[in-house]
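The structure appears right after this line, and notes come after that.
Order of the sequence lines sets the chain letters (A, B, ...), proteins ahead of strands, with each chain counted from 1. Remember, predicted model here, so these are calculated numbers, not experimental data.
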Amino acid sequence: MTKKGRVFSGARPTGRQHLGNYLGAIKNYVALQADYDCVYCIVDLHALTTVEDTVNLKQNIFEMALDWLAAGIDPQKSIMFVQSMVPEVTELHTILSMVTPLGKLTDLPTFKEKARENPNNINYGLVGYPVLMAADIVLYKSNAVPVGVDQAPHLEFTREVVRSFNYRYNCNVLIEPQMKVTEVPKVLGIDGVQKMGKSLDNHIEIAGTPEETQKRVMMMVTDPARIKRTDPGNPDVCNVFSMHKIFSPKADVEMINIECRRAGIGCVDCKKLYAKSLNESLASFRAKRAEFADKPAEVWAILHDGAQRAKVIAAQTMREVRDAIGLPNLGE
RNA sequence: AGGCCAGUAGCUCAAUUGGCAGAGCGCCUGUCUCCAAAACAGGAGGUUGUGGGUUCAAUUCCUGCCUGGCCUGCCA
């Protein structure tokens with residue numbers, strides 16, 4: 001480990017990724033590879049807490065792996081794998097659950113939210129979700145976890161669990177991960193109001209065709225006060241403009257900022273320009289993705305190899321954990 | 001394990017004594033707008049959890065099962 005340490009992050013297999021996933025997580029995953037040993041996990045077990053229909057699970061895992069690889073996650077540098085392929089995490093989850101007060105779990109805002117969204121399926125796993133997440137993080141001896149502000153309570157929970165474990169068993173085998181607060185740009189959906197999300201159907205897929213992408217871009221909500229072409233607009237309240245700032249050349253952004261305000265450019269032209277910039281920005285990603293999509297066996301081999309490497313770390317951690325507790329090991 | 005309650009459109013819920021299964025929101029289309037939004041007009045969407053039974057006729061009554069909730073108990 002010659003780098004700054006190990007970073008772990010997990011994401012639920014939600015299938016084809018959208019701009020919110022890309023800007024909020026994937027880009028950051030790619031960037032972190034330069035400075036850290038990275039472990040990126042497709043957390044399929046976590047998905048089971050709320051997903052009742054698993055017929056698409058493998059496909060969703062595959063689609064997300066394609067997006068990650070095409071975006072630049074390098075399986076040579078980083079470990080990329082599927083959570084359930086290293087079942088040690090479930091053992092650690094059970095062990096950590098014994099030092100976890102139930103009240104802390106039911107107090108977490110994410111639990112309350114999920115329980116409200118899904119009142120007829122409040123299962124044990126949903127309550128224990130943060131414990132499993134803590135197990136993910138510490139199993140791979142992670143030093144840091146990139147989190148947005150909304151995930152901060154969960155990581156703080158992980159740190160508390162680590163301290164509880166180390167204190168209870170009078171040891172220092174679990175590493176307390178640092179919170180690596182990353183500035184997550186707030187990516188709004190095409191409705192211009194809510195955060196972009198697949199379940200809200202207000203998303204734009206990164207792997208779509210240029211035509212599909214433009215179609216979704218044309219559906220975006222703009223400045224509601226600008227009714228007619230001749231009305232001056234306000235880019236400050238327009239979601240299209242905020243996306244221009246991310247994907248378009250500086251000259252275009254400056255031009256729109258001026259011309260929109262004096263009705264020099266209309267929303268249709270503005271959106272077409274954004275769609276063009278977006279498609280150009282994603283072109284090489286899409287080309288790489290298509291190559292991986294043609295070689296599914298290779299993609300699964302990458303995931304299998306990642307699981308093998310992850311398992312080496314996991315086995316070492318579990319040995320230390322069992323020794324610290326005093327559990328007998330097979331063959332002793 | 002037993003008792004009680006519930007399950008109807010994507011969501012929240014109606015449906016009289018057993019008599020053509022509806023509304024709001026959301027979704028799609030159209031009008032209007034540079035687009036989107038808003039407004040207005042129209043439209044789609046259902047094996048009423050599921051298998052039986054009674055009846056001319058079952059969302060409604062009886063019954064087996066599934067799922068969820070509340071209560072009581074048993075075991076760990």
Side-chain angles (χ1 to χ4, degrees), chain A residues 12 14-16 18-20 47-56 60 91 93-95 97-102 105-106 111-129 186-205 208-248 252-280 327:
Chain A
R12 292 156 50 116
T14 49
R16 294 159 77 100
H18 55 68
L19 281 177
L48 300 180
T49 54
T50 53
V51 174
E52 57 293 324
D53 191 358
T54 55
V55 290
N56 295 322
N60 285 343
E91 182 185 2
H93 164 260
T94 300
I95 287 169
S97 74
M98 310 304 178
V99 298
T100 304
L102 187 57
L105 293 171
T106 52
F111 171 74
K112 291 178 182 168
E113 187 188 326
K114 293 287 178 191
R116 187 173 47 77
E117 284 173 3
N118 225 343
N120 48 5
N121 187 19
I122 302 176
N123 52 61
Y124 182 62
L126 193 64
V127 182
Y129 192 112
K186 193 178 182 187
V187 182
L188 297 179
I190 60 174
D191 56 16
V193 179
Q194 291 177 280
K195 192 175 144 188
M196 186 176 286
K198 196 172 185 173
S199 60
L200 294 170
D201 194 23
N202 65 358
H203 62 297
I204 294 178
E205 285 184 359
T209 65
E211 294 73 26
E212 287 165 347
T213 303
Q214 174 158 330
K215 194 178 168 195
R216 295 292 279 179
V217 167
M218 296 310 287
M219 289 168 71
M220 288 176 72
V221 173
T222 60
D223 173 8
R226 190 177 185 191
I227 310 294
K228 293 184 178 172
R229 172 67 180 81
T230 50
D231 294 337
N234 181 6
D236 299 333
V237 298
C238 180
N239 191 32
V240 178
F241 184 65
S242 60
M243 297 307 286
H244 265 299
K245 285 192 275 193
I246 298 171
F247 288 103
S248 294
D252 286 353
V253 176
E254 284 169 6
M255 182 274 288
I256 291 162
N257 193 25
I258 294 165
E259 295 300 327
C260 176
R261 289 180 205 277
R262 64 180 188 204
I265 185 173
C267 294
V268 170
D269 291 333
C270 175
K271 284 177 177 179
K272 282 181 179 166
L273 204 53
Y274 166 52
K276 182 169 173 282
S277 298
L278 185 56
N279 282 325
E280 281 172 6
L327 296 170

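- Here the separation of A44(B) from A9(B), taken at their C1' atoms, is 11 Å to the nearest Å.
- Side-chain contact check for Cys260(A) versus Arg226(A): some heavy-atom pair is nearer than 4.5 Å.
- Looking at residues two or more places apart in sequence or on another chain, you find a side-chain contact (heavy atoms from CB on, under 4.5 Å) between Lys271(A) and Val217(A), Met218(A), Met220(A), Thr222(A), Val240(A).
- For Asp269(A), the side-chain contact (heavy atoms from CB on, under 4.5 Å) partners two or more places apart in sequence, or in a different chain, are Ile265(A).
- The gap from the C1' atom of U17(B) to that of C11(B) amounts to 32 Å, rounded to the nearest Å.
- On the C1' atoms, G42(B) is 34 Å away from A57(B), given to the nearest whole Å.
- A straight line from CG of Leu126(A) to P of G68(B) spans 14 Å, rounded to a whole angstrom.
- If you take atom P in U8(B) and the same atom in U48(B), they sit 12 Å apart, rounded to whole Å.
- Across the protein-nucleic acid pair, Arg216(A) atom CZ and A37(B) atom P stand 12 Å apart, rounded to whole Å.
- Rounded to the nearest Å, the gap between the P atom of C62(B) and that of G3(B) is 15 Å.
- Rounded to the nearest Å, the gap between the P atom of U59(B) and that of G19(B) is 10 Å.
- Taking the P atom of each, G49(B) and G10(B) are spaced 13 Å apart, rounded to whole Å.
- Within a 6.0 Å sphere centred on NZ of Lys198(A), other residues, nucleotides and ligands contribute more than 12 heavy atoms.
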Walk along nucleotides 28-35 of chain B from 5' to 3' and tag each nucleotide B, S or - by protein heavy-atom contact under 4.0 Å, base first, then sugar-phosphate. -----SBB

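- Here C25(B) presents its P atom at 20 Å from CG of Asp201(A), a figure rounded to the nearest Å.
- The interatomic distance linking Asp191(A) (CG) with G26(B) (P) rounds to 13 Å, in whole Å.
- Shown here are the ring pair (Phe, Tyr, Trp, His ring centres under 6.0 Å) partners of His203(A), two or more places apart in sequence or in another chain: His18(A).
- With rounding to whole Å, Leu188(A) atom CG is found 15 Å from A37(B) atom C1'.
- Considering Met243(A), Glu205(A), Arg216(A) in turn, Met243(A) is the only one that fulfils the side chain to side chain contact (heavy atoms under 4.5 Å, CB included) rule with Leu19(A).
- Contacts of Thr106(A) classified as side chain to side chain donor-acceptor pair (under 3.5 Å), with partners at least two apart in sequence or in another chain: none.
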Decide yes or no on side chain to side chain contact (heavy atoms under 4.5 Å, CB included) for Val127(A) and Leu102(A), but give the supporting numbers first. CA-CA 8 Å; Val127(A) 182; Leu102(A) 187 57; 3.9 Å; yes

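- Side chains of Leu105(A) and Phe111(A) form no contact here, defined as non-hydrogen atoms less than 4.5 Å apart.
- Between Lys215(A) atom NZ and A36(B) atom P there is a gap of 12 Å when expressed in whole angstrom units.
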Pairs counted as Watson-Crick or G-U wobble with both distances under 3.5 Å: what dot-bracket string results for RNA chain B, using | for bases tied to another strand? (((((((..((((.....[..)))).(((((.......))))).....(((((..]....))))))))))))....

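- The P atoms of U47(B) and A37(B) are separated by 30 Å, rounded to the nearest whole Å.
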